[in-house]
Amino acid sequence: MSHVPRPGRRTECTALRALAAAALTVLVAAACSSTSQAPSTRAPEPSAGTQNAFPVTLKHAYGETTIPAEPTRVVTIGFNEGDFALALGVVPLAEREFFGGFDWQDRPWAAAAKNGAQPVALASSELPLETIAGLRPDLILGVYSFIDQPTYERLSAIAPTVAQPTPDGEGAAAPWQEQTRITGQALGRSDRAEQVIAETEQKLKDAAAPSFAGRTLAMDFMVDGTPYKLGTDDLRAQLFTGLDFDVPATTETLSPETLGPLDQDVIVSMGRTQEQYDSPVLRNLNAVKQGRIVNMGGYTTPFAGALGYSSPLSLPYAADQVAPKLAEVLG
C-alpha cells in the first residue's frame with residue numbers, strides 16, 4: 001500500500017519542501033506567530049451538548065492521557081486541529097500553521113467560529129515548545145499531528161496531550177468523524193460532536209446530485225511529477241464518499257505511463273500542469289475523452305486548503321466548490 005506523503009516529524013528544509021508539496025503546500029513557516037495575537041483566554045462558553053464527566057481518559061498512539069477537568073486553555077498542534085475545536089465551540093489559544101499557499105489564518109469557512117479571535121500561529125516545521133508552554137494550556141490536541149513519542153513526552157510535561165491514534169507514519173488518517181468524536185471527548189462536548197457530525201453529513205448529502213450515487217470517482221493527485229490515486233485512507237479523498245461516490249479505500253502510487261486506474265466514471269484532478277494534462281496516456285482515458293474530468297487546480301487555492309483540513313467546517317465549503325462541477329460533467 002502506498003500513501004501520498006503526509007506532514008511528519010522530519011524538519012530538514014528539503015524534506016519540508018517535499019512534505020509541503022504533498023500536503024497542500026507551498027511556503028513553510030510563512031505565517032509564523034510574530035505578528036499574531038493570542039485570543040482571549042476566557043473559558044469557553046458551556047456547550048448545550050456538554051455531557052462528559054471529568055476526568056476523561058483517552059487512548060492514542062503513545063498510551064493514555066487523562067484530562068482532569070473541562071479544558072479552558074486549549075492549544076491545537078495538529079495540522080487541521082484548530083478547525084475541529086472551532087467546530088465544537090472552542091477557540092484555541094494557538095493552532096499549527098497549515099501547509100498551503102493560501103491565507104490559512106483567515107480561511108473563510110472558519111471565520112464565523114473564530115468570532116474575531118486570532119489564535120497564535122505555531123510553526124509547522126518544528127513545534128515551538130517554549131511558546132506552547134508560555135500559553136499555559138490545560139489541553140494540547142494533536143489528533144492529526146503525526147508527532148513522535150519524544151515530542152509527545154515533552155508536550156505532556158507541559159499539559160495533558162492527545163496524540164494521533166497511530167504512531168507517526170503508521171496507519172491511515174483518522175476519518176473526520178473519528179477526529180470530531182475524539183475532540184469532543186477531550187473537550188467534554190461529545191453530544192455536540194455527534195450533532196456536528198450529523199449536520200455536516202447532511203450538508204454533504206444536500207450538496208450531492210442524484211447522478212453521484214454509486215458512481216466511481218478517481219482522485220488524481222500529482223505531487224512533484226508522481227501521480228497518486230487517492231483512497232479514503234487519505235483524508236483528502238473522504239469528501240467524495242460523503243457526496244455518495246464510490247472511492248477506493250487504498251491510495252495507489254501510479255506513474256505517468258500507467259494511469260489506467262484513474263479511468264473511472266469521473267476524475268477529480270489536482271496539481272497537474274497543462275503539459276501533463278496533454279500527455280497521450282491521460283488523453284486516452286475514456287473519462288478524459290468523454291469530458292468526465294474536473295480540474296480543481298493546484299495546491300494554493302482555498303478549495304485545496306478546505307480539502308486539506310477536511311473538517312466539519314471545511315467539508316461543506318469544499319463540497320460547494322466541487323459538487324456543481326461534478327454534476328455538470330456527469331450530466
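Heavy atoms only: backbone and side chains are in, while hydrogens, waters and symmetry mates are out.
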Worked verdict on Val266 versus Arg215 for side-chain contact (heavy atoms from CB on, under 4.5 Å): CA-CA 8 Å; Val266 66; Arg215 304 293 286 273; 5.8 Å; no
Might you work through the side-chain contact (heavy atoms from CB on, under 4.5 Å) test for Ile158 and Val75, ending with a clear yes or no? CA-CA 11 Å; Ile158 298 171; Val75 167; over 6 Å; no
Residues Ile77, Ile132; criterion side-chain contact (heavy atoms from CB on, under 4.5 Å); working and verdict: CA-CA 9 Å; Ile77 60 165; Ile132 294 172; 4.1 Å; yes
Please assess Ser311 against Asn80 for the test side-chain contact (heavy atoms from CB on, under 4.5 Å), listing each intermediate value before the final yes or no. CA-CA 7 Å; Ser311 73; Asn80 65 354; 5.7 Å; no
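Counting all heavy atoms, side chain and backbone alike, Ser255 lies closest to Pro227 at C-CG, 3.6 Å. Here the shortest heavy-atom pairing between Tyr277 and Asn295 reads OH-OD1, 2.8 Å. Across all non-hydrogen atoms, the minimal contact from Lys289 to Asn284 is CE-O, 3.4 Å. Between Ala304 and Gly298, the shortest heavy-atom contact is CB-O, 3.6 Å. The nearest pair of heavy atoms linking Gly231 to Thr251 is N-OG1, 3.0 Å. For the residue pair Val91 and Ala113, the shortest heavy atom distance occurs at CG2-O, 3.7 Å.
Side-chain contact, Thr216 with Gln264: a donor N or O sits under 3.5 Å from an acceptor N or O. Side-chain polar atoms of Ser190 and Gln185 form no donor-acceptor pair below 3.5 angstrom. Looking only at atom types and distance, the side chain of Tyr62 has no donor-acceptor partner in the side chain of Ser156 under 3.5 Å away. For the 3.5 Å distance criterion, the side chains of Gln195 and Asp191 fail to qualify, holding no donor opposite an acceptor. Using a 3.5 Å distance cut-off with no hydrogens or angles, the side chains of Asp233 and Thr250 do not pair a donor with an acceptor.
Although no hydrogens or angles enter the test, the distance criterion places a donor-acceptor pair under 3.5 Å between the side chain of Thr65 and the main chain of Thr161. Not a single donor-acceptor pair under 3.5 Å links the side chain of Gln202 to the backbone N or O of Glu199. Between the Asp138 side chain and the Pro71 main chain, no donor and acceptor come within less than 3.5 Å of each other. A distance-only check finds a donor-acceptor pair linking the side chain of Arg107 to the backbone of Trp104 [under 3.5 Å]. In terms of modelled atom types and a separation under 3.5 Å, the side chain of Arg189 and the main chain of Leu88 share a donor-acceptor contact. Checked by atom type and distance alone, the side chain of Arg96 pairs as donor or acceptor with a backbone atom of Ser124 at under 3.5 Å. Formation of a donor-acceptor pair under 3.5 Å by the Glu257 side chain with backbone atoms of Val281 is not found in this model. Arg73 places a side-chain N or O within 3.5 Å of a backbone atom of Arg136 that can act as its donor or acceptor partner.
Neither Met219 nor Val288 shares a network with the other; the hydrophobic side chains, linked directly or stepwise wherever heavy atoms of I, L, V, M, F, W or Y lie under 4.5 Å apart, form separate groups for each. In this structure, Phe303 is a member of the same hydrophobic cluster as Trp176, with clusters built from ILVMFWY side-chain heavy atoms closer than 4.5 Å. Cluster membership for Val329 and Leu285, using ILVMFWY side-chain heavy atoms within less than 4.5 angstrom, is not shared. Residues Ile293 and Phe240 do not share a hydrophobic cluster, clusters being chains of Ile/Leu/Val/Met/Phe/Trp/Tyr side chains in contact below 4.5 Å. When hydrophobic clusters are built by joining Ile, Leu, Val, Met, Phe, Trp and Tyr residues whose side-chain heavy atoms come closer than 4.5 Å, directly or via intermediates, Ile267 is not grouped with Phe221.
Here the NE2-CD distance, from His60 to Gln164, works out to 9.0 Å after rounding to the nearest 0.5 Å. Of the inter-residue distances, the one linking Thr183 atom OG1 with Arg192 atom CZ reads 13.0 Å to the nearest 0.5 angstrom. To the nearest 0.5 Å, atoms CG (Asp246) and OG1 (Thr232) are separated by 9.5 Å. Taking CG of Leu217 as the reference point, atom CG of Asp244 lies at 11.5 Å (rounded to 0.5 Å). Rounding to the nearest 0.5 angstrom, the gap separating the CG atom in Leu307 from the CD atom in Gln321 is 11.0 Å. Here the straight-line distance linking atom CD of Gln238 with atom CG of Leu204 works out to 11.5 Å at 0.5 Å rounding.
Surrounding CD of Glu275 are at most 12 heavy atoms belonging to other residues, nucleotides or ligands under 6.0 Å away. When the shell of 6.0 Å around NZ of Lys325 is examined, it contains 12 or fewer heavy atoms from other residues, nucleotides or ligands. Around atom CD of Glu328, no more than 12 heavy atoms belonging to other residues, nucleotides or ligands sit under 6.0 Å away.
Pro165 places a side-chain heavy atom less than 4.5 Å from the side chain of Val143. Contact check for Phe84 versus Tyr144: no side-chain heavy atoms found under the 4.5 Å cut-off. Counting only heavy atoms from C-beta outward, the side chains of Lys203 and Thr200 never approach each other to under 4.5 Å. Taking the side chain as every heavy atom from C-beta outward, Glu97 and Gln105 never approach each other to under 4.5 Å. A heavy-atom distance below 4.5 Å is found between the side chains of Arg272 and Leu282. The shortest side-chain heavy-atom distance between Leu254 and Leu262 falls under the 4.5 Å cut-off. Residues Met270 and Tyr228 form no side-chain contact, since every pair of their non-hydrogen atoms from C-beta on lies 4.5 Å or further apart. Residues Asp83 and Thr76 have side chains not in contact (no heavy-atom distance under 4.5 Å, counting atoms from C-beta outward).
Using the six-membered ring where Trp is involved, Tyr309 and Trp109 have ring planes that are perpendicular, over 60° apart on the 30 and 60° scheme.
Aromatic ring centroids of Phe245 and Phe212 lie under 6.0 Å apart.
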